Amino acid sequence: LGTRAQGGAALVFTEMTCVAADARITPGCAGLYDDGHEAAWRRIVAFVHAHSGARICLQLGHAGRKGSTLRPWEGRGGDDQPLPSGEAWPTIAPSACAWLPHMPAPREMTRDDMERVRDEHVQAVERGVRCGFDMIELHVAHGYLLSSFLSPLTNRRDDAYGGGLEGRLRFPLEVFAAMRAAWPAERPMSVRLSATDWVEGGIDGAQSVEIARAFKAAGADLIDVSAGQVVPEQKPVYGRMFQTPFSDRIRNEVGIA
């Protein structure tokens with residue numbers, strides 16, 4: 001990260017940094033949930049500020065049903081290979097739907113789970129403040145926990161946190177609002193979204209505009225637009241600058257960077 005900052009970038013992002021041990025994708029994922037992590041990130045942020053003109057953004061997230069897997073280079077068959085039973089941790093998601101058939105199904109989250117996860121995000125933000133990060137990004141893309149609340153393909157709840165888009169947005173917005181309240185008002189926050197699930201019946205460009213509008217109303221300063229990786233049956237349409245139309249639509253229809 002220090003090298004990237006010294007290379008002339010104006011803004012450097014961490015990769016998804018997990019808010020708890022059971023929020024990790026793999027045992028090798030970065031975290032910010034104990035004092036050792038905080039001390040290490042403090043050194044990195046200080047280096048970026050001392051040796052470059054760059055700013056550094058802390059991207060926070062929770063793996064949800066895509067967690068508890070081997071590091072990609074350890075498993076035969078590539079990514080998404082479950083950890084052995086003695087090393088695995090239980091996963092949680094809005095609904096008890098496995099990411100892939102060979103992976104264990106997550107447990108459907110209770111309200112107590114939601115409050116714990118919300119508080120873990122807030123505690124990570126508070127640590128990020130002490131580390132001196134310039135910006136925070138909440139990861140709500142790629143089928144990780146908060147992303148899977150948004151998509152009707154992965155959120156099959158019949159309570160206030162499922163159903164229509166308003167219900168599916170409820171928990172991600174609760175987490176964002178709590179984080180925004182813990183983050184200094186003068187420092188920016190962004191939200192990373194998958195603007196389409198690339199599947200019929202999933203999130204599409206029009207819904208992503210409404211999602212971005214809701215996060216803007218909650219205090220987001222910027223939407224980091226990505227796409228897909230929410231369900232394995234996706235059929236992405238790749239090409240030169242293929243995500244730009246999604247970003248362009250959100251920028252112009254919502255009026256947000």
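Quick caveat: nothing in here was measured; it's all calculated off a predicted structure.
Summarising the local packing, CZ of R187 is surrounded by more than 12 heavy atoms from other residues, nucleotides or ligands at distances under 6.0 Å. With a 6.0 Å radius and a threshold of 12 heavy atoms from other residues, nucleotides or ligands, D159 has its CG atom above the threshold. Annotation: E166, atom CD; neighbour count of heavy atoms from other residues, nucleotides and ligands within 6.0 Å does not exceed 12.
The distance from the OG atom of S68 to the CD1 atom of I25 is 11.5 Å, given to the nearest 0.5 Å. Rounding to the nearest 0.5 Å gives a distance of 8.5 Å between OG of S190 and CG of D221. I256 CD1 to F215 CZ: the interatomic distance, rounded to the nearest 0.5 Å, is 10.5 Å. We find the CG-CG distance between L138 and L173 to be 10.0 Å, quoted to the nearest 0.5 Å. Atoms OG and CE, on S148 and M109 in that order, are 8.5 Å from each other to the nearest 0.5 Å. Rounded to the nearest 0.5 angstrom, L70 CG and Q81 CD are separated by 7.0 Å.
Judged by distance alone, the side chain of K216 and the main-chain N or O of V254 form a donor-acceptor pair under 3.5 Å. Judged purely by atom type and a 3.5 angstrom limit, T17 uses its side chain to pair as donor or acceptor with the backbone of E15. The backbone N or O of G163 lies less than 3.5 Å from no partner atom in the side chain of R157, so there is not a single donor-acceptor pair. A donor-acceptor distance shorter than 3.5 angstrom exists from the side chain of T14 to the backbone of Q59, with no hydrogens or angles considered. Looking at R4, its side chain never comes within 3.5 Å of a backbone N or O of A9 through a donor-acceptor pair. Judged purely by atom type and a 3.5 angstrom limit, R24 uses its side chain to pair as donor or acceptor with the backbone of A21. In this structure, D134 contributes its side chain and I56 its backbone to a donor-acceptor pair below 3.5 Å. A donor-acceptor contact shorter than 3.5 Å links the side chain of Q234 to the backbone of Q229. In this structure a side-chain-to-backbone donor-acceptor pair under 3.5 Å is present from E74 to R71. Although no hydrogens or angles enter the test, the distance criterion places a donor-acceptor pair under 3.5 Å between the side chain of S208 and the main chain of G205.
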Working for side-chain contact (heavy atoms from CB on, under 4.5 Å), residues I211 and L193: CA-CA 9 Å; I211 292 166; L193 295 177; 3.8 Å; yes
Check against side-chain contact (heavy atoms from CB on, under 4.5 Å), T69 and W99: CA-CA 11 Å; T69 65; W99 162 237; over 6 Å; no
Begin from the C-alpha positions of Y161 and M114 and carry the test side-chain contact (heavy atoms from CB on, under 4.5 Å) through to its verdict. CA-CA 10 Å; Y161 294 92; M114 293 182 199; 3.9 Å; yes
Quick one, R65 with C97, criterion side-chain contact (heavy atoms from CB on, under 4.5 Å). Give me CA distance, side-chain angles, the key distance, then yes/no. CA-CA 8 Å; R65 70 177 188 156; C97 308; 3.8 Å; yes
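Between V48 and A54, the shortest heavy-atom contact is CG1-O, 3.8 Å. A pairwise comparison of heavy atoms in L32 and W41 identifies CD1-CD1, 3.7 Å as the closest pair. Closest approach of P184 to V129, counting heavy atoms only: CD-CG2, 3.7 Å. Contact between A23 and C18 at its shortest, heavy atoms only, is O-SG, 3.6 Å. A182 and V122 get closest at one heavy-atom pair: CB-CG1, 4.0 Å. Considering every non-hydrogen atom in both A195 and F246, the closest pair reads CB-CB, 3.6 Å.
With contacts defined as side-chain heavy-atom distances shorter than 4.5 Å, the pair L150/L169 qualifies. Side chains of R213 and I223 form no contact here, defined as non-hydrogen atoms less than 4.5 Å apart. Counting heavy atoms from C-beta on, the side chains of P172 and V175 never come closer than 4.5 Å. Contact check for L83 versus P27: side-chain heavy atoms found under the 4.5 Å cut-off. Considering only heavy atoms from C-beta on, S194 stays 4.5 Å or farther from I203 through its side chain. Side-chain contact between F149 and V140: absent, with no pair of heavy atoms (C-beta onward) separated by less than 4.5 Å. Residues V237 and F242 form no side-chain contact, since every pair of their non-hydrogen atoms from C-beta on lies 4.5 Å or further apart. For the pair E200 and K235, the minimum side-chain heavy-atom distance is 4.5 Å or more.
Salt bridge annotation for D35-R42: absent, with no cationic side-chain nitrogen under 4.0 angstrom from a carboxylate oxygen. Between R116 and E120 there is a salt bridge, since at least one side-chain N of the basic residue sits less than 4.0 Å from a carboxylate O of the acidic one. Taking 4.0 Å as the cut-off between side-chain N and carboxylate O, R111 and E174 count as a salt-bridged pair. Ion pairing between R130 and E126 fails under the 4.0 Å rule for side-chain N and carboxylate O. The pair R107-D113 counts as a salt bridge, with a side-chain nitrogen and a carboxylate oxygen less than 4.0 angstrom apart.
Residues passing the ring-ring contact (aromatic ring centres under 6.0 Å, His included) test with H49, sequence neighbours excluded: none. With sequence neighbours excluded, the residues that form a ring-ring contact (aromatic ring centres under 6.0 Å, His included) with Y33 are H37.
Linking Ile, Leu, Val, Met, Phe, Trp and Tyr whenever their side-chain heavy atoms come within less than 4.5 Å leaves M16 and I44 in two separate clusters. W198 and L100 sit in two unconnected hydrophobic clusters of ILVMFWY residues. Membership requires side-chain heavy atoms under 4.5 Å apart, directly or through other members. Under a hydrophobic-cluster definition in which Ile, Leu, Val, Met, Phe, Trp and Tyr are linked whenever side-chain heavy atoms come within less than 4.5 Å, directly or via other members, L165 and V225 are assigned to the same cluster. In the hydrophobic cluster analysis, where Ile, Leu, Val, Met, Phe, Trp and Tyr join through side-chain heavy atoms closer than 4.5 angstrom, F13 is grouped apart from F47. Hydrophobic clustering (side-chain heavy atoms under 4.5 Å, transitive across Ile, Leu, Val, Met, Phe, Trp, Tyr) groups V125 together with M189.
Under a 4.5 Å side-chain heavy-atom cut-off, the cluster of Ile, Leu, Val, Met, Phe, Trp and Tyr residues that includes V230 is completed by L153, V199, V231.
Note on ring orientation: taking the six-membered ring where Trp is involved, the planes of H62 and H121 are parallel (angle under 30°, cut-offs 30° and 60°).
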